[in-house]
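This report concerns only the one structure given below.
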Amino acid sequence: MKETKNISRSRAQESSAAIEKLYITMRHLFNRGFYKPMGVSGDTLREALLQLRPEIYGTIAEEKVELSGLLYVIERLPVGIEECRFINLTSDEGYSKSHFKAIVPPKRKRNCYRIDSEQMNVEITRGRSDIYDILTHLTFIFIESHKIKDRVLLDENTKEMTRDWEKLEQIVVQNKKLTLIEKEIAISHASIILGRSFEEILDIYEAFGTEEKPDRFLHVIYWLGKLAIEEVIFNNKRTITFSPILRERLGHHIHGEIWANNIKEVLKQNELLDRPIHIISANMHSVMNSIFATHTLKTKFKDKTDFFVYEELSKPGANDLRNKVEEFALKYGMISLPDTSGTNIDVQIFDTAKIEWAKSAFPKAKIGAHAPVIIVMDYAFGEQAYETIDELLKPYKDGKNKYFLNVESVSIMGKAGILEGGKGDIMIPSAHINEGTGDNYPFENQLMAEMFEGNGIPVYAGPMVSVLGTSLQNKDLLKFFHESTWGVIGLEMEGAYYQKAIQSASKIRKSINPDVQVRYAYYASDNPLETGSTLASGGLGTTGVKPTYLITIKILEQIFNIKTN
């Protein structure tokens, strides 16, 4: 028998094992019902995250505090969570009907409620991916909080702190807007506490601020450090709990079923159930603008290109322009369905029979005798993609009647990380691989790389990996996916879940046409293999406008039977 030698594992293998450990641990803690992130119960989660060292969390494994990663996480968690010792993850349990005011993080749609000075409730209505996202972010900020504690707590017994901490505390507890001099003095003390230069803090300081709290950076650092100190000195451990109703409901598609039924009821009310249906997962502006914007705004933007108009519409202060396009769209066949189910996925329905094609960007549209209906759904989040599409593709039951939807195509357009190329480039997948399992979903994509050539945007084609969370990726693992025979071109969070639902509905359950067409295309939000190009380095700005609309237009040209190159 051949002797098994000590084979050293590569960083990619270690990273893959760490992700699997994170995934299993989080499910275990969820089933348990509560845990203390910085206590014994949180050990495995912390160790796995430190072993993984995701790119988005930067210097998590070093002594100095990670600033860009902290900003990325804080923007996705509710304001004030840094002050709370008790974080309770709940289902939609009626807090919207109470006096509690919903707090919605700026970069992640989720309702949160501050119950008292110590407790924050976070509503989970988007499935397990939402839980993985929150738990990894919380683990990261708690690890960072203990770095602050290690640098400022001189003696646990005497409770002696550094002078810099005492000075920072004096400034923060005043709770007033700081003058330039006070702000710079505070940053000077913070730089010693964080192990960062004055300039590094100055560069990121404003990004943490809000209108009400321009000096929020100092507030966040102080409270993270304060709670970590109290954990050590007074044994006041921070605790994360999962409500019994959340544990009971998760995985039962409760929100997805309500969401899908709302859509089907509107289709029935408008006599659209028996028409050809095309589903598009995209944002809430690109389809509407692609069809109507250039005609609606032609007098304002005379002699300007279509992409110039789209860029103007994408600017922060363009509400009046956007409202004008929306008003026009509502007159010509668009139905708006803001979400009421808790999925946080808004929907638009376009009845193409009501579009006056001469007043659209597609005057050559050939829609035939049965004008198609387009359902545009906002982006799902991770595993939520399976829940929503799975429910939407089921037959609609109305009493004893059952209506099968005539779904002709499902198109997915979204942002993804790219592994070769840069921000704004386009990716056309040929298959989705589910990270951590090797499950794979090849498909015949109706969109091809050649269709996008000649527009000044690099295009890449090949398999893509659906990851558990963008915050759980590191260079070693992504390099392996890219450079090995997997040949992965990018990473995203929903593709495999969409395709799993489409395949089961079309090939096994036979609830939709077995030959349903699928289209997948993504534009790059970041390149996690390039230092300084990760998601934590900032948004796309207007770089994403051209690829977003280019993909949308190619999808619509196929639906409207317009010949594409």
Side-chain angles (χ1 to χ4, degrees), residues 26-39 41-42 45 70 72-142 145 210 212-213 216 219-220 223-224 226-228 230-231 236-256 258-259 339-345 381-384 387 469 471:
M26 287 190 280
R27 292 193 76 151
H28 161 70
L29 294 171
F30 174 74
N31 290 331
R32 183 184 181 213
F34 76 97
Y35 79 105
K36 295 178 178 178
M38 300 311 289
S41 51
L45 216 52
L70 187 59
Y72 178 85
V73 168
I74 285 294
E75 288 179 329
R76 284 154 181 80
L77 293 172
V79 172
I81 199 165
E82 67 277 2
E83 300 173 14
C84 297
R85 274 208 308 125
F86 300 98
I87 295 159
N88 188 21
L89 304 190
T90 73
S91 180
D92 179 358
E93 298 175 20
Y95 284 97
S96 59
K97 298 182 175 80
S98 69
H99 76 277
F100 296 112
K101 189 182 175 189
I103 306 166
V104 182
K107 296 286 179 74
R108 191 74 86 224
K109 285 184 184 176
R110 50 170 73 110
N111 290 334
C112 310
Y113 300 93
R114 183 75 177 265
I115 304 304
D116 55 36
S117 62
E118 290 189 307
Q119 182 181 335
M120 181 73 76
N121 281 13
V122 181
E123 270 186 12
I124 304 291
T125 55
R126 307 183 77 171
R128 287 193 183 92
S129 296
D130 219 4
I131 293 175
Y132 306 147
D133 186 61
I134 287 170
L135 293 190
T136 48
H137 287 343
L138 289 174
T139 304
F140 164 73
I141 66 168
F142 292 163
S145 76
T210 62
E212 301 81 34
K213 285 189 177 177
R216 188 175 174 228
H219 188 273
V220 168
W223 276 97
L224 287 178
K226 179 179 164 67
L227 292 189
E230 288 179 0
E231 281 191 321
N236 288 341
K237 296 276 190 242
R238 283 170 281 196
T239 305
I240 293 174
T241 53
F242 306 91
S243 82
I245 294 174
L246 173 65
R247 290 161 67 204
E248 184 186 300
R249 285 180 177 176
L250 197 73
H252 292 184
H253 290 201
I254 287 167
H255 300 287
I258 297 166
W259 174 83
D339 180 61
T340 56
S341 68
T343 59
N344 282 312
I345 299 176
F381 187 71
E383 286 188 30
Q384 188 191 31
E387 175 178 338
S471 57

**Report entry** Worked check of side chain to side chain donor-acceptor pair (under 3.5 Å) between Gln384 and His255
**Finding:** CA-CA 10 Å; Gln384 188 191 31; His255 300 287; over 6 Å; no

Query - Lys/Arg N to Asp/Glu carboxylate O, Asp133 vs Arg108, below 4.0 Å - result: yes

Query raised in the report: Is there side-chain contact between Phe86 and Ile115, with heavy atoms separated by less than 4.5 Å?
Result: no

Query raised in the report: Between the main-chain N or O of Gly342 and the side-chain N or O of Asp92, is there a donor-acceptor pair closer than 3.5 Å?
Result: no

Query raised in the report: For residues Asn121 and Gln119, is any side-chain donor paired with an opposing acceptor at under 3.5 Å?
Result: yes

**Report entry** Nearest-0.5 Å distance that lies between atom NE2 in His137 and atom CZ in Arg76
**Finding:** 6.5 Å

Report task. Answer yes or no: is there a side-chain heavy-atom contact under 4.5 Å between Ile87 and Thr239? Result -> no

Report task. Would you sort out whether Val104 and Asn111 count as a side-chain contact (heavy atoms from CB on, under 4.5 Å), showing the intermediate values? Result -> CA-CA 5 Å; Val104 182; Asn111 290 334; 3.5 Å; yes

Query raised in the report: Ignoring hydrogens and geometry, is there a side-chain-to-backbone donor-acceptor pair from Arg114 to Val79 under 3.5 Å?
Result: no

Requested in this report: List the atom of Ile254, the atom of Arg249, and the distance in Å for their closest heavy-atom pair.
Outcome: CD1-CG, 3.4 Å

Query raised in the report: Would you say the side chain of Tyr113 lies within less than 4.5 Å of the side chain of Glu123, judging by non-hydrogen atoms?
Result: yes

Query raised in the report: When rounded to the nearest 0.5 angstrom, what is the spacing between NE2 in His253 and OG1 in Thr343?
Result: 12.5 Å

Report task. Test salt bridge (charged side-chain N to carboxylate O under 4.0 Å, His left out) on Arg216 and Glu82 and set out the steps. Result -> CA-CA 11 Å; Arg216 188 175 174 228; Glu82 67 277 2; 3.3 Å; yes

Report task. Flag this pair as yes if the NZ/CZ of Arg32 is under 6.0 angstrom from the six-membered ring centre of Phe30 and inside a 45 degree cone about the axis; otherwise no. Result -> no

Query raised in the report: What pair of heavy atoms forms the shortest contact from Pro105 to Arg110, and how long is it?
Result: CD-O, 3.2 Å

Query raised in the report: Between Leu224 and Ser145, what is the shortest heavy-atom contact and its length?
Result: O-CB, 3.2 Å

Requested in this report: Measure the shortest side-chain to side-chain distance between Arg128 and Met26 over non-hydrogen atoms and say whether it is less than 4.5 angstrom.
Outcome: no

Requested in this report: Provide the closest heavy-atom pair for Ile240 versus Phe242 in the form atom of the first, atom of the second, distance.
Outcome: CG2-CZ, 4.3 Å

Report summary line: What one should report as the nearest heavy-atom pair of Ile345 and Trp259 is O-NE1, 3.0 Å

**Report entry** Close side-chain approach of Ile141 to Leu70, heavy-atom, < 4.5 Å
**Finding:** yes

Report task. Please examine the side chains of Glu387 and Arg126, heavy atoms only from C-beta on, and report whether any two atoms are closer than 4.5 Å. Result -> no

Report summary line: Rounded to the nearest 0.5 angstrom, the OG-CZ distance for Ser471 and Phe140 is 10.5 Å

Query raised in the report: Got a sec, which residues hit salt bridge (charged side-chain N to carboxylate O under 4.0 Å, His left out) with Lys226, two or more places apart in sequence or on another chain?
Result: Glu230

Query - Rounded distance (nearest 0.5 Å) linking atom OG of Ser91 with atom CZ of Arg247 - result: 13.0 Å

Report summary line: CZ (Phe34) and CG (Leu89) are apart, to the nearest 0.5 Å, by 14.0 Å

Query raised in the report: Within the side chain of Ser129, is there an N or O that forms a donor-acceptor pair under 3.5 Å with the backbone of Glu383?
Result: yes

Query - Side chains of Leu77 and Met120 in contact at under 4.5 Å (non-hydrogen atoms) - result: no

Query raised in the report: Which distance, rounded to the nearest 0.5 Å, do you find between the CG of Asp130 and the NZ of Lys109?
Result: 12.5 Å

Query - Main-chain N/O of Arg238 paired with Glu231 side-chain donor or acceptor, under 3.5 Å - result: yes

Report task. State, to 0.1 Å, how close Asn344 and Asp339 come at their nearest heavy-atom pair, and which atoms those are. Result -> N-OD2, 3.0 Å

Requested in this report: Would you check if Ile81 and Ile103 make a side-chain contact, meaning some heavy-atom pair closer than 4.5 Å?
Outcome: no

Query - Donor-acceptor under 3.5 Å (Asn31 side chain, Arg27 main chain) - result: yes

Query - salt bridge (charged side-chain N to carboxylate O under 4.0 Å, His left out) involving Glu93 - partner list, sequence neighbours excluded - result: none

Report task. Ignoring hydrogens and angles, tell me if any N or O in the side chain of Ser41 forms a donor-acceptor pair with the backbone of Lys36 under 3.5 Å. Result -> yes

